[in-house]
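In the text below, chain A, chain B and the rest are named by the order of the sequence lines, each starting its count at 1.
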Amino acid sequence: MGAPQPPGRREAGSQPDLRVARVLPDVAALAARAFDYLVPASLAAEVRVGSIVRVPLHGRRVRGWVVALPEEAETGRRLLPIAKVSSVGPPADVLALAEWAAWRWAGPVTRFLRTASPPGAVRELPPAAGPGRGPPPRRAAGHAVEVVRAPPAADPFPVVEEAARGGDALVLAPSLGEAAMVAARLRRAGVPVAVAPREWARAAAGGCTVVGARAAAWAPVPGLAAVVVIDEHDEVYQEERAPTWNARDVAVERARRAGAPCWLTSPCPSLAALALAGGGSVRAPSRSDERAGWPVLEVVDRRDEAPGLGLYSERLVALLRAATPEERVVCVLNRKGRAVLMACAACGELARCERCDGPLESGGELGMRCRRCGLAQPPVCRWCGVGRFKALRIGVARVRDELELLAGQAVAEVTGDTPPAGPGGGFPAAAVLVGTSAVLHRAARAAVVAFLDFDQELLAPRFRAGEEALALLARAGRVAGGREGRVLVQTRAPGHEVLDAARHADPSRFTVVEGARRAALRMPPEVALARVSGPGAAGVVAQLDGGQLDGVETLGPAGDRWLVRAGDHRSLCDALAAVKRPGERVRVEVDPLRA
DNA sequence: CGGACAAGCTGA
DNA sequence: CAGCTTGTCCGG
């Protein structure tokens with residue numbers, strides 16, 4: 001090509017308003033490659049960094065984000081014009097945060113930009129909701145993150161109010177329902193509020209505190225003055241699919257970048273949160289306040305129980321018999337593994353293998369698979385030909401029958417399909433309920449929460465089992481209403497530090513022991529972990545092993561999964577970012593909850 | 001991702 | 001050899 005004259009270059013005197021925009025198309029296969037476009041003069045006023053645009057790309061129109069407004073184009077080729085500005089998009093600080101998250105969780109930046117974008121097109125922003133008080137003076141470095149420990153029955157709202165008093169805050173709650181309640185209370189207190197993602201435009205306009213669930217970590221908050229994450233230990237803050245970003249970690253980084261204080265509230269602070277707060281910065285309640293907010297813990301040592309009693313100790317039976325609709329008993333039993341048996345939804349016949357007659361489970365290439373011989377087969381009943389099956393929860397169903405006999409009154413099973421207790425109705429009225437730990441999210445209140453087999457939680461083969469077990473006890477404590485209620489735990493490990501912590505209403509009794517154990521085992525938060533799996537995983541691991549990276553080691557494989565371990569996230573994420581992704585699929589989970 | 005284009009396959 | 005499928009390449 002002769003005499004290259006990049007059309008993107010701005011020359012003195014020639015169309016000074018014809019600018020260049022660098023656009024990141026929302027096309028996964030492009031692996032976050034940005035392209036330069038011309039900004040037509042008619043769109044110049046609307047195009048900003050973050051704007052959501054439609055651009056021609058290879059013969060079609062695709063959505064994308066303006067990620068920069070460079071002085072001149074990167075290439076000498078002829079630039080195409082932006083076709084349309086579809087919507088106001090994430091502000092520049094959120095864009096930068098998305099780039100950081102793409103590094104931190106080894107994922108495509110477009111995934112984060114999608115979460116950060118308004119749910120529908122926003123043509124222009126409404127007027128600001130309030131004066132926009134702007135960020136307060138920065139706090140001393142190193143004290144930006146504070147863990148606020150408050151027992152299960154305590155109300156975290158005062159922390160939210162304290163944060164919102166200092167300026168426009170970002171408040172995250174585990175669910176949209178809880179976020180809506182916090183928002184309503186803030187409004188009653190006279191604080192302008194936007195609920196994300198519904199009121200994205202209102203949030204972007206500024207002058208209000210923004211409240212939402214996980215995705216609200218990406219909401220626009222101009223003049224961010226404080227960040228609060230309620231119940232930071234809750235696993236719902238972490239995205240299950242890769243990239244496995246965690247809203248708590250995003251919120252902490254956001255606060256750091258804004259120079260704003262960040263409060264992480266929890267009855268049982270995660271080791272990750274304690275590490276983020278730098279070890280020392282924990283605001284703990286007085287001993288008596290904390291004690292008042294945890295339930296009375298009763299531990300039944302199953303080793304002392306008469307053999308043959310199974311899951312039903314004398315103490316449990318006594319509580320069951322005393323249960324009334326006002327003084328409910330909620331029994332929790334987490335079954336091992338997944339659905340036990342499948343039965344035809346039409347004729348009720350058990351689904352059995354066409355080769356060996358073994359029981360079928362859902363999964364496999366054709367939809368169902370033999371649990372005994374592994375043969376894949378279609379989900380069609382061999383007896384009546386109907387293709388619909390239901391899972392028989394043999395475990396809980398049988399336990400329900402037996403509890404009913406022992407209690408001498410009706411026992412209702414609560415599953416994920418049971419509507420939550422509340423004005424909607426449909427929640428069982430029985431004095432005794434039984435279900436998996438989902439029952440703790442559905443039942444509003446109970447006098448007693450009984451864990452029939454807590455060893456499944458305490459001794460689960462996962463490095464975070466202890467944290468999860470303590471979180472369950474805290475959850476139970478909330479359902480039981482703190483000191484008003486009691487939590488019964490049947491276990492063969494009554495001396496476990498999780499039970500010790502709950503008994504003394506002092507979660508540090510657990511975190512101190514657990515932290516030392518993690519350090520000894522070289523597990524998070526002492527180190528940073530990632531799990532790599534999928535057909536291309538071996539190639540990725542080979543590159544990491546061959547790269548002579550300081551302090552990065554790979555462990556495995558276990559099945560088709562490897563672990564990558566490094567001293568901290570900087571070396572882990574730098575190493576992962578340097579890997580060339582092979583053609584085959586690779587799943588990278590940074591900070592896996594289960595490893 | 002999805003359009004463009006080339007190479008490969010098929011049948012009259 | 002037209003007309004179709006399948007595979008590979010690449011985007012401003």
Task: For atom CG of A:L80 and atom P of C:dC10, their distance in whole Å - done: 18 Å

Open item on the list: Mind checking if A:R22 touches a base, just sugar-phosphate, or nothing, with heavy atoms under 4.0 Å?
Closed with: nothing

- [ ] Figure out the CG/P separation between A:L57 and C:dG12, and round it to whole Å.
- [x] 6 Å

Open item on the list: Side-chain N or O of A:R33 versus OP1/OP2 of C:dG11: is the shortest distance under 4.0 Å?
Closed with: yes

Open item on the list: From C-beta outward on A:F35, which listed nucleotide comes closest to its side chain: B:dC1, C:dG12, B:dG3?
Closed with: C:dG12

TODO: Write down the distance between CG (A:L24) and P (B:dC1), rounded to a whole number of angstrom.
DONE: 16 Å

- [ ] Give the rounded distance in Å between these two atoms: CZ of A:R114 and P of B:dC1.
- [x] 11 Å

Task: Donor-acceptor under 3.5 Å (A:E232 side chain, A:W263 main chain) - done: no

Open item on the list: Rounded to whole Å, how long is the line connecting atom CZ of A:R61 with atom P of C:dG11?
Closed with: 20 Å

Task: Main-chain N/O of A:S533 paired with A:R587 side-chain donor or acceptor, under 3.5 Å - done: no

Task: Within the 6.0 Å centroid threshold, strictly below: A:W105 and A:W100 - done: yes

Task: A:E46/A:R123 ion pair, N-O < 4.0 Å - done: yes

Open item on the list: Classify A:A29 by what it touches in the nucleic acid, base, sugar-phosphate, or nothing, heavy-atom distance under 4.0 Å.
Closed with: base

TODO: Would you indicate which nucleotide in B:dG3, C:dG12, B:dC1 comes nearest to any side-chain atom of A:Y37?
DONE: C:dG12

- [ ] To the nearest Å, give me how far apart CZ (A:R63) and P (C:dG12) are.
- [x] 20 Å

Open item on the list: Rounded to whole Å, please give me the gap between CG in A:D26 and P in B:dC1.
Closed with: 12 Å

Open item on the list: From CG of A:L30 over to C1' of B:dG3, roughly how many Å is that when rounded to an integer?
Closed with: 13 Å

